[in-house]
Amino acid sequence: MVLFLCDMLLWNLSYYLSFAMRKNNFSLVGEQGAFLAGLLTLNIAFVTVFLLLRLYDKLWRYADTEDFFYAAIASLTANIAFMTGMLIVGSIQPAWVINSKVFITNALMSTLFVILFRIVYRLNKILERRNLARKAKKRLMLIGAGEGALSVLSELSKTPGNEYIPVCIVDDNKEKLHRRMAGVRVEGTTYDIPRLCEEMGVEVILFTISQISVADKKRILDTCAKTHLEVKIIPNIYNLMTSGVPITSSIRQVEVDDLLGREPVVFDTEKYGSYLIGQTVLVTGGGGSIGSELCRQIASLKPRHLIILDIYENNAYDIQQELIRKHGADLSFEVQIASVRDKKKLEHIFETHDIDVVFHAAAHKHVPLMETNPEEAVKNNVFGTLKLAEVAEKFHVRNFVQISTDKAVNPTNVMGATKRICEMLIQMMGQRPDSQTNFVAVRFGNVLGSNGSVIPLFKEQIRTGGPVTVTHPDIIRYFMTIPEAVSLVLTAGSIAKGGEIFILDMGEPVKIKVLAENLIRLSGFKPHEDIKIEYTGLRPGEKLYEELLLNEEGITRTDNKKIYIGQPIQFDKDELLRYLKKLYYAAHRNDKEEVETLIADIVPTFHHATNEDQEIPEEESDSE
């Protein structure tokens, strides 16, 4: 109806202008009859033609070129009908004859008005939609006026349906201040982030700098955390270029490993990886978080054959399919579904494959569950390791790398104590003079993102609105990423001489409460307000803090500045074997109490500490 009324106004206006322009005189004195007759005929002709051609059935806000052409044809047709009608009227009443110049001018003018009006109408609707879209979009701040920001801005401009509208950029390069990149102004430095977020109504912060020191990155992300806004990050630009994935599809949430405050440990393939080239490698627990990453990195080192051993077929299937997709026929590998407790099956695998290197990642590692099932921790962790090590030695495997944990140091839980026994077994077997196998253990802290780790739990709790559960406000942990853990394991395998315990320099320990608060802030919420933090109390066998060295151990540097060797603690090997025999029978009788008693006899530093017993060392405490 609005379009119809506007059209009527326009064709009447064009008729009046055409009629008046024929003599360059806008006065209608003496010609009112002809003008009114023409006006009536014009409206009858236009209304009839426009309705018959169903010009108002179209959605002009979505009109294309064909629709505008159709409107022009309708207008010209209406003008022909108008001219025909007036010729008939003029033959009946000569005084009402209209000059032909009026018909020509009106035809051109009315057609132009009708088309222009529809163009303006359509443009107005487009602008309305864009304004609504802009209002619905999240206002975006970009950190860094470099290649990353340029790629993001380019991608956003090419995809108008995206959910962001960039409003400002910050960069610490003073030469870039107040300049524009793809139409977006560099408003200040990273120190101005809180002020600019408030002044410009920023809703999301995007970190676009890929080449930056860890200290600077942590400082900037800490500043972002003060805004309580959602913070996202783009991965390395070179990786994006080689992957061919649109940059906006690769934007991710800030992870906790972005906040560790130290340089990541990178595996030097040329220096430390050559020992795996052309070798047959066995990875136990190959479907787990550490084991699967071991398989990924080993696969890229071109082994002769890779054997993935796991008792859980679902995880093993996942890594199998991933390696097939990534490497295809270029990688020779197989999956063995088996338990490290099954010595006969292990002997069959070693007998039918000439295995050179073993990475032993299979273990029960869940602390609270092993507290209530100590006999299973012993069967799997201790005797699974012993059986695997004995079979590896029997078949002259060159290197055997045992995955250990910082929980093996002064253990307060069964899982950590069994891992300490495994370290003792590795030390014992590595010191055998007639052994052709280099047995080593690798000890590291909590692995970010691994199965059962705290970070996936925190992220899921934040996603569902909280609360985030922390066991104790003062609990402290060392953290590393999965690739870092695997880097250490692979490096240890290359420099193994037998009996060593390799330890990673993991930087400063992290307070779990602070970690949870930062993760909440960087997800766009306020800790203790939007997302609550609840303290649930230490779980059975859990420490307030972890250690990487026993008091009796010292450390020796390696040529890798991030890796140390713990000096072995001497113990009576014959006594260890006697206790192991008792422990074996107690575990298979499912005698939990006897199992824990024997574990304590083997590992003198093992004790179940109560919450009150635990204090944070002064050098590791973190004032509020």
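The minimum heavy-atom distance between Thr227 and Pro194, with the atom names listed, is CG2-CA, 3.9 Å. In terms of heavy-atom proximity, Gly144 sits nearest to Ala149 at O-CB, 2.9 Å. For the pair Leu196 and Gly188, the tightest heavy-atom approach, listed with the atom from each and the gap, is CD1-N, 4.0 Å. Between Ile533 and Ala516, the closest heavy-atom pair is CD1-CB, 4.4 Å. Across all their heavy atoms, Cys197 and Met141 have their closest contact at SG-CE, 3.7 Å. Across all non-hydrogen atoms, the minimal contact from Gly287 to Ile319 is CA-CG2, 4.4 Å.
Rounded to the nearest 0.5 angstrom, Lys138 NZ and Leu206 CG are separated by 12.5 Å. Note that CG of Asp171 is 4.5 Å distant from NZ of Lys176, once rounded to the nearest 0.5 Å. Leu140 contributes atom CG, which lies 10.0 Å from atom CD of Glu230 (distance to the nearest 0.5 angstrom). Taking CD of Glu371 as the start and NE2 of His366 as the end, the distance is 11.5 Å to the nearest 0.5 Å. Atom CG of residue Leu323 and atom OG of residue Ser300 lie 10.0 Å apart, to the nearest 0.5 angstrom. The distance from atom NZ of Lys232 to atom CD1 of Ile205, rounded to the nearest 0.5 Å, is 12.5 Å.
The 12-atom threshold is exceeded at CZ of Arg195, counting heavy atoms of other residues, nucleotides or ligands nearer than 6.0 Å. Shown here is Tyr191, whose OH atom has no more than 12 heavy atoms of other residues, nucleotides or ligands within 6.0 Å.
A salt bridge is absent between Glu534 and Lys532: the closest approach of a Lys/Arg side-chain nitrogen to an acidic carboxylate oxygen does not fall below 4.0 angstrom. Under the 4.0 Å criterion applied to side-chain N and carboxylate O atoms, Arg325 and Glu322 are not assigned as salt-bridge partners. Comment: Lys226 does not engage Asp222 in a salt bridge, judged by the lack of any side-chain N to carboxylate O separation of less than 4.0 angstrom.
Partners of Thr469 by side chain to side chain donor-acceptor pair (under 3.5 Å), not counting sequence neighbours, listed by chain and number: Gln461. Residues passing the side-chain contact (heavy atoms from CB on, under 4.5 Å) test with Arg185 are His178, Arg180, Glu187, sequence neighbours excluded. Remark: Arg219 pairs with Asp172, Thr190 by the side chain to side chain donor-acceptor pair (under 3.5 Å) rule, at least two apart or across chains. Residues passing the side chain to side chain donor-acceptor pair (under 3.5 Å) test with Asp216 are Ser213, sequence neighbours excluded. With sequence neighbours excluded, the residues satisfying side-chain contact (heavy atoms from CB on, under 4.5 Å) with Ile324 are Gln320, Gln321, Phe333. Residues forming a side chain to side chain donor-acceptor pair (under 3.5 Å) with Thr189 (at least two apart in sequence, or on another chain): Asp192.
Residues Ile169 and Leu153 are in side-chain contact: their nearest non-hydrogen atoms beyond the backbone lie under 4.5 Å apart. Between Leu490 and Ser494 there is no side-chain heavy-atom pair separated by less than 4.5 Å. A 4.5 Å side-chain heavy-atom check between His364 and Leu369 finds every atom pair outside the cut-off. Between Ile193 and Ile220 the shortest side-chain heavy-atom distance falls below 4.5 Å. Counting heavy atoms from C-beta outward, Val468 and Ile531 have side chains that approach closer than 4.5 Å. Taking 4.5 Å as the limit, some side-chain heavy atom of Ile212 sits within range of a side-chain heavy atom of Phe207. Two residues are said to be in side-chain contact when any heavy atoms from C-beta on lie closer than 4.5 Å; His228 and Asp530 fail this criterion. You'll find the side chain of Cys168 stays beyond 4.5 Å of the side chain of Glu199, heavy atoms only.
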For side-chain contact (heavy atoms from CB on, under 4.5 Å), just list the numbers for Val231 and Ile143, CA-CA rounded to whole Å, side-chain angles, deciding distance to a tenth of an Å, and then say yes or no. CA-CA 10 Å; Val231 181; Ile143 298 177; 5.9 Å; no

CA sep, side-chain torsions, deciding dist, call: Asp318, Ser292, side-chain contact (heavy atoms from CB on, under 4.5 Å): CA-CA 9 Å; Asp318 289 342; Ser292 60; over 6 Å; no

Going through the distances and angles, do Lys407 and Val367 end up as a side-chain contact (heavy atoms from CB on, under 4.5 Å)? CA-CA 9 Å; Lys407 293 176 176 59; Val367 170; 3.9 Å; yes

Test Tyr164 against Val152 for side-chain contact (heavy atoms from CB on, under 4.5 Å), laying out the working first. CA-CA 11 Å; Tyr164 304 109; Val152 170; over 6 Å; no

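Not a single donor-acceptor pair under 3.5 Å links the side chain of Thr111 to the backbone N or O of Ser75. Between the side chain of Ser154 and the backbone N or O of Leu150, no donor-acceptor pair lies under 3.5 Å.
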